[in-house]
Peer 1: 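Once you've had a glance at the structure underneath, I'll fire off some questions.
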Amino acid sequence: MPIVDESPQLHLFFHELLETAITEIGQTPQLISTRLPQRRIKSYLDQGLISIYWAIEHDEEDKKYIPIKVGLTAGLIGQRILLIKNGDQNIYSKVDDLDSFRELGLVAGMGKDWFDISVWKANKLLYKEAHGNWKSIFKMIPYGRDYNYISRGINEILVEAEEYDDLQIESKLVLIYNRDFQFYLSKNGVNSGEKYQQIIELAIKNAQKSGLIDRLVNKYWGDAFKRLNYENRVKIYLQTPEA
């Protein structure tokens, strides 16, 4: 399994979920971690150099890899909150729906091949893909030349906000689309995940039924809703592309 260079804490939830889920069905897992930049993870999965990865459910990935069809984070990745330049909060103060957000004409920073790209495109929102490491977006936002904001899942934004003193969490909005992470297994290669399909499917489906997924989501991100004042935010529901 990978540890993502750009988000070095994100793997903790997924590794604990998989390890605990397999243990709970009476097996003894041994997870071997490989630290990789995000842009190389799909290549490693293509070649079977890694066995398993978590990614937003998508038809293209469903065809390339072996999907384990269970949502892993209770949809948190589809609850998008914005990181913006310090002092820009007033720009968003009059937004109360998708139309008024669209009319701002602001540009979102996106990493290459992000699912968000298809969502923003479907909802006629402006975006620009970063070349190279997507983490450069955070450093470019304060200059305002290429990007005005980056949207992050509730499960991501608090950790990332602490890394950048010249950015702030936008306080009014949450943009919502209907997607979640699921596990994908590689089909071929020396570390092919295909041979683990049966046991991982059993383990993750059991984790859903037993409440393990909900317990771990609460463990890792339960306080995020309060810290982000989620209940009082304006909910903007985005059209979710089929693919």
Peer 1: Can you give me every donor-acceptor pair (side chain of residues 166-176, partner residue at least two apart or in another chain, under 3.5 Å) with its distance?
Peer 2:
from: Gln168; atom 1: OE1; to: Gly87; atom 2: N; distance (Å): 2.8
from: Glu170; atom 1: OE1; to: Lys172; atom 2: N; distance (Å): 3.1
from: Glu170; atom 1: OE1; to: Leu173; atom 2: N; distance (Å): 2.8
from: Glu170; atom 1: OE2; to: Gln89; atom 2: NE2; distance (Å): 2.8
from: Glu170; atom 1: OE2; to: Lys172; atom 2: N; distance (Å): 3.0
from: Ser171; atom 1: OG; to: Gln89; atom 2: OE1; distance (Å): 3.3
from: Ser171; atom 1: OG; to: Gln89; atom 2: NE2; distance (Å): 3.4
from: Lys172; atom 1: NZ; to: Ser93; atom 2: O; distance (Å): 2.5
from: Lys172; atom 1: NZ; to: Val95; atom 2: O; distance (Å): 2.9

Peer 1: Roughly how far apart are Ile32 CD1 and Ser51 OG, rounded to 0.5 Å?
Peer 2: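 One finds 8.0 Å between CD1 of Ile32 and OG of Ser51.
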
Peer 1: Compare all side-chain heavy atoms of Arg152 with those of Phe138 and state whether any distance is below 4.5 angstrom.
Peer 2: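 Yes, at least one pair of side-chain atoms sits under 4.5 Å.
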
Peer 1: Flag the pair Pro142 / Tyr164 as yes when at least one side-chain heavy-atom distance between them is below 4.5 Å, and no otherwise.
Peer 2: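 Contact flag for Pro142/Tyr164 side chains = no.
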
Peer 1: Give a yes or no on this: more than 12 heavy atoms of other residues, nucleotides or ligands lie within 6.0 Å of atom NZ of Lys205.
Peer 2: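 No, NZ of Lys205 has 12 or fewer neighbouring heavy atoms, counting only those of other groups under 6.0 Å.
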
Peer 1: Determine whether Glu201 and Phe183 make a side-chain contact, defined as any pair of heavy atoms from C-beta on separated by less than 4.5 Å.
Peer 2: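 No, too far: nothing below the 4.5 Å cut-off.
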
Peer 1: Run Tyr220 and Phe13 through ring-ring contact (aromatic ring centres under 6.0 Å, His included) and show every step you take.
Peer 2: CA-CA 7 Å; Tyr220 280 87; Phe13 168 83; 5.7 Å; yes

Peer 1: Under a 4.0 Å N-O cut-off, is there an ion pair linking Asp62 with Lys69?
Peer 2: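 Salt bridge between Asp62 and Lys69, a charged N being under 4.0 Å from a carboxylate O: yes.
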
Peer 1: Closer than 4.0 angstrom, basic N to acidic O: yes or no for Asp113 and Lys42?
Peer 2: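 A salt bridge is absent here (no side-chain N lies under 4.0 Å from a carboxylate O).
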
Peer 1: Only counting residues at least two apart or in another chain, list the ones meeting side chain to side chain donor-acceptor pair (under 3.5 Å) with Tyr237.
Peer 2: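 Expected list: none.
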
Peer 1: Can you name the nearest heavy-atom pair linking Leu31 to His15, along with the distance?
Peer 2: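 Scanning both residues, the minimum pair turns out to be CD1-O, 3.5 Å.
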
Peer 1: Just verifying a value: how many Å separate Ile200 CD1 and Ile68 CD1, rounded to the nearest 0.5 Å?
Peer 2: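 Rounded to the nearest 0.5 Å, the CD1-CD1 separation comes to 6.0 Å.
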
Peer 1: Quick check against the 3.5 Å criterion: does Ser33 have a side-chain atom that pairs as donor or acceptor with the backbone of Ile3?
Peer 2: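 Not a single qualifying donor-acceptor pair exists.
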
Peer 1: Quick one, Tyr184 and Gln182 - any side-chain contact, counting heavy atoms below 4.5 Å?
Peer 2: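 Tyr184 reaches Gln182 side chain to side chain.
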
Peer 1: So do Phe101 and Asp96 actually touch side chain to side chain, heavy atoms under 4.5 Å?
Peer 2: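 Contact flag for Asp96/Phe101 side chains = no.
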
Peer 1: Walk me through it: do Lys226 and Glu231 pass the test salt bridge (charged side-chain N to carboxylate O under 4.0 Å, His left out)?
Peer 2: CA-CA 8 Å; Lys226 290 182 181 178; Glu231 291 302 321; over 6 Å; no

Peer 1: Within 45° of the ring axis of Tyr230 and under 6.0 Å from its six-membered ring centre, is that where the NZ or CZ of Lys235 lies?
Peer 2: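 Satisfied, under 6.0 Å and within 45°.
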
Peer 1: Taking the side chain as C-beta and beyond, is there a heavy-atom pair between Tyr147 and Ile84 under 4.5 Å?
Peer 2: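 With C-beta onward as the side chain, the pair stays apart.
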
Peer 1: Below 4.5 Å, heavy atoms only, C-beta onward: do Tyr92 and Leu82 meet side chain to side chain?
Peer 2: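 Yes - at least one pair of side-chain heavy atoms lies under 4.5 Å apart.
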
Peer 1: Any chance CD of Gln198 has more than 12 other-residue heavy atoms, nucleotides or ligands included, within less than 6.0 Å?
Peer 2: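 Atom CD in Gln198 is not crowded, with 12 or fewer foreign heavy atoms closer than 6.0 Å.
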
Peer 1: Taking Asp165's backbone N and O only, do any of them form a donor-acceptor pair with Asn86's side chain (distance below 3.5 Å, no angle check)?
Peer 2: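 The answer is yes, because a donor-acceptor pair under 3.5 Å joins these two groups.
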
Peer 1: Kindly give the cluster partners of Leu126, where membership spreads through any ILVMFWY side chain lying under 4.5 Å from a current member.
Peer 2: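 Under the 4.5 Å side-chain rule, Leu126 groups with Val107.
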
Peer 1: How are the rings of Trp134 and Trp114 set relative to one another: parallel (under 30°), tilted (30 to 60°) or perpendicular (over 60°)?
Peer 2: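 The rings of Trp134 and Trp114 stand perpendicular, inter-plane angle above 60°.
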
Peer 1: Between Gln47 (side chain only) and Ser43 (backbone N and O only), is there a donor and an acceptor less than 3.5 Å apart?
Peer 2: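 Answer holds: yes.
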
Peer 1: Okay, side chain of Asn178, backbone of Thr240: is any donor-acceptor separation there less than 3.5 Å?
Peer 2: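 Looks like no, no N/O pair under 3.5 Å.
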
Peer 1: Rounded to the nearest 0.5 Å, what separates atom CD in Glu57 from atom CZ in Arg179?
Peer 2: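 The CZ atom of Arg179 is 5.0 Å from CD of Glu57, to the nearest 0.5 Å.
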
Peer 1: For Leu98, which residues count as a side chain to side chain contact (heavy atoms under 4.5 Å, CB included) partner, sequence neighbours excluded?
Peer 2: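 Once residues adjacent in sequence are excluded, the partners of Leu98 under the side chain to side chain contact (heavy atoms under 4.5 Å, CB included) criterion are Arg102, Asn123, Leu125, Ile236, Leu238.
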
Peer 1: Which atoms form the tightest heavy-atom contact between Gly111 and Ile137, and what is the distance?
Peer 2: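 Nearest pair, atom of Gly111 first, then Ile137: N-CD1, 4.1 Å.
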
Peer 1: My understanding is that only residues two or more places apart in sequence, or in another chain, count here; which of them pass salt bridge (charged side-chain N to carboxylate O under 4.0 Å, His left out) with Lys64?
Peer 2: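 If we apply the salt bridge (charged side-chain N to carboxylate O under 4.0 Å, His left out) test to Lys64, skipping adjacent residues, the hits are Asp46.
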
Peer 1: Indicate the atoms forming the closest heavy-atom contact of Ala207 with Leu17, along with that distance.
Peer 2: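 Scanning both residues, the minimum pair turns out to be CB-CD1, 4.2 Å.
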
Peer 1: Would you name the heavy atoms of Ile150 and Gly109 that are closest together and state the gap between them?
Peer 2: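 The pair with the smallest heavy-atom distance is CG1-O, 3.7 Å.
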
Peer 1: Give a yes or no on whether Leu36 and Leu12 share a hydrophobic cluster (residues Ile, Leu, Val, Met, Phe, Trp, Tyr; joining criterion: side-chain heavy atoms under 4.5 Å apart).
Peer 2: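 Yes.
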
Peer 1: Taking atom OG of Ser151 and atom CG of Asp116, what is their separation to the nearest 0.5 Å?
Peer 2: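 Reported to 0.5 Å precision, the distance equals 4.0 Å.
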
Peer 1: Rounded to the nearest 0.5 Å, what separates atom CZ in Phe14 from atom CE in Met1?
Peer 2: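 Phe14 atom CZ to Met1 atom CE measures 8.5 Å (nearest 0.5 Å).
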
Peer 1: Show me, pair by pair, the donor-acceptor contacts under 3.5 angstrom made by side chains of residues 211-219, not counting sequence neighbours?
Peer 2:
from: Arg215; atom 1: NH1; to: Ser210; atom 2: O; distance (Å): 3.0
from: Lys219; atom 1: NZ; to: Glu16; atom 2: OE1; distance (Å): 2.9
from: Lys219; atom 1: NZ; to: Glu16; atom 2: OE2; distance (Å): 2.9

Peer 1: Looking only at heavy atoms, which two atoms of Leu83 and Ala161 are closest? And how far apart?
Peer 2: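 Taking every non-hydrogen atom into account, CD2-CB, 3.9 Å.
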
